[in-house]
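Taking it in order: structure first as structure tokens, then the write-up.
Residue numbers start at 1 and run along the sequence shown.
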Amino acid sequence: MSTVRRVAVVLAAAGTALALAACGPTEDGASGGAGGPAASPSTSAAPPRPVTPSKPSKPSKPSATPGGSASGGGGGSSADYDVFPCSTHDVTFTATLAEPTTGSYLLKITNKGSKACRALGHPVVTFGDLDGQATARGEAPGIEEALRLEPGASAYAGLMGGAKDGTGRTVHTIAMTMNTESDLEQTPLTASTPGLYVSDKTSVTPWMDNVEDALSL
């Protein structure tokens with residue numbers, strides 16, 4: 001091959017190389033292959049946050065009614081649970097002759113306070129300087145059924161005397177305290193009872209809401 005022809009072949013090869021370089025990056029380089037720049041890794045998604053189980057809600061407390069009962073509950077009303085027994089601090093007291101032949105007296109108490117109270121059982125009646133007290137006559141209701149006295153309301157009991165048989169004594173005053181079923185100290189309330197004959201037959205009825213029942217037991 002002549003020198004001129006070799007030079008022509010070399011120039012042709014050089015031109016081909018230049019033409020390929022001008023065409024830009026190779027397919028491998030464009031796709032991030034071995035000849036091109038490495039593709040930046042895509043940002044991975046953050047791992048899901050663990051779900052914290054919600055705490056079970058506390059059951060709501062039933063609201064209390066003014067009387068002490070809880071709304072939403074069953075059974076009867078408990079509105080009277082806060083009504084306490086009447087004591088001599090809560091009432092006024094009188095004794096009136098009801099039956100002259102037997103010397104029986106009508107006892108009356110009136111709630112002088114601003115709140116209701118309960119007249120429990122029988123009044124506790126004593127006689128002047130005599131020992132002992134009047135015997136309970138008739139059956140009294142339980143605490144829950146005891147007579148409720150609103151402010152200004154009254155209750156009645158009958159103090160039953162007896163014939164003067166020579167076994168007793170005549171007294172002119174009595175003293176009364178209320179049954180509270182507790183050790184509450186009370187100041188006895190006194191009333192005048194002229195000519196009351198007291199013997200072991202003298203008795204007193206439970207508190208009633210009317211005069212007729214109080215004197216008929």
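Side-chain heavy atoms closer than 4.5 Å link hydrophobic residues (I, L, V, M, F, W, Y) into clusters, and following such links, even through other members, never connects Ile109 to Met208. Met176 is not connected to Leu215 by any chain of hydrophobic side-chain contacts under 4.5 Å among Ile, Leu, Val, Met, Phe, Trp and Tyr, and they are in different clusters. Cluster annotation: Val204 and Tyr197 are assigned to distinct hydrophobic clusters (Ile/Leu/Val/Met/Phe/Trp/Tyr, side-chain heavy-atom contacts under 4.5 Å, transitive). The hydrophobic cluster containing Leu159 also contains Phe93, counting ILVMFWY residues as joined when their side-chain heavy atoms lie under 4.5 angstrom apart, directly or transitively.
Sorted by first and then second residue, the pairs that involve residues 206-217 and meet side-chain hydrogen bond (donor to acceptor under 3.5 Å, both in side chains), not counting sequence neighbours, are Asn210-Asp213. Annotation: side-chain hydrogen bond (donor to acceptor under 3.5 Å, both in side chains) contacts involving residues 120-135, sequence neighbours excluded, are absent. Every pair passing salt bridge (Lys or Arg N to Asp or Glu O under 4.0 Å) that includes a residue from residues 149-167 is listed here, sequence neighbours excluded: Arg148-Glu150, Asp165-Lys201. Contacts classified as disulfide (SG to SG under 2.5 Å) and involving residues 114-200 (residues at least two apart or in different chains) are given here: Cys86-Cys117. For residues 189-198, there are no salt bridge (Lys or Arg N to Asp or Glu O under 4.0 Å) pairs, not counting sequence neighbours.
Every side-chain contact (heavy atoms from CB on, under 4.5 Å) that Leu97 has, sequence neighbours left out, goes to Pro100, Tyr105. Checked against side-chain contact (heavy atoms from CB on, under 4.5 Å), Thr92 has the following partners two or more places apart in sequence or in another chain: Thr110, Lys112. Applying the side chain to side chain donor-acceptor pair (under 3.5 Å) criterion to Thr102, with sequence neighbours excluded, gives Ser104. Take Glu99 and apply the side chain to side chain donor-acceptor pair (under 3.5 Å) test, not counting sequence neighbours, and it matches Thr101.
Residues Ala119 and Leu149 approach most closely at CB-CD1, 4.4 Å, considering heavy atoms. Closest heavy-atom contact between Asn111 and Ala116: ND2-CA, 3.9 Å. Between Gly113 and Pro151, the closest heavy-atom pair is O-CB, 3.3 Å. Pro123 and Ala157 make their closest contact through CG-CB, 3.9 Å (heavy atoms, listed as atom of the first residue, atom of the second, distance). Between Pro85 and Asn179, the shortest heavy-atom contact is CB-O, 4.4 Å.
At least one side-chain heavy atom of Arg118 sits under 4.5 Å from a side-chain heavy atom of Val83.
Side-chain heavy-atom separations under 4.5 angstrom define the hydrophobic clusters, and the remaining members of the one that includes Leu120 are Ile143. Here Val124 is tied to no hydrophobic group at all, with no ILVMFWY side chain closer than 4.5 Å.
Within 6.0 Å of CD in Glu145 there are more than 12 heavy atoms belonging to other residues, nucleotides or ligands.
Although no hydrogens or angles enter the test, the distance criterion places a donor-acceptor pair under 3.5 Å between the side chain of Thr205 and the main chain of Ala214.
Of the listed residues (Thr170, Thr173, Ile174), just one forms a side chain to side chain contact (heavy atoms under 4.5 Å, CB included) with Leu196, and that residue is Ile174.
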| request: For Thr96 and Lys108, run side chain to side chain contact (heavy atoms under 4.5 Å, CB included): C-alpha distance rounded to whole Å, both residues' side-chain angles, the deciding distance at 0.1 Å, then the answer. | output: CA-CA 8 Å; Thr96 305; Lys108 176 183 176 181; over 6 Å; no
Enumerate donor-acceptor pairs with a distance under 3.5 Å from any side-chain N or O in residues 183-192 to protein atoms, sequence neighbours excluded.
from, atom 1, to, atom 2, distance (Å)
Gln186, OE1, Thr88, N, 2.9
Gln186, OE1, Met178, N, 3.2
Gln186, NE2, Met178, O, 2.7

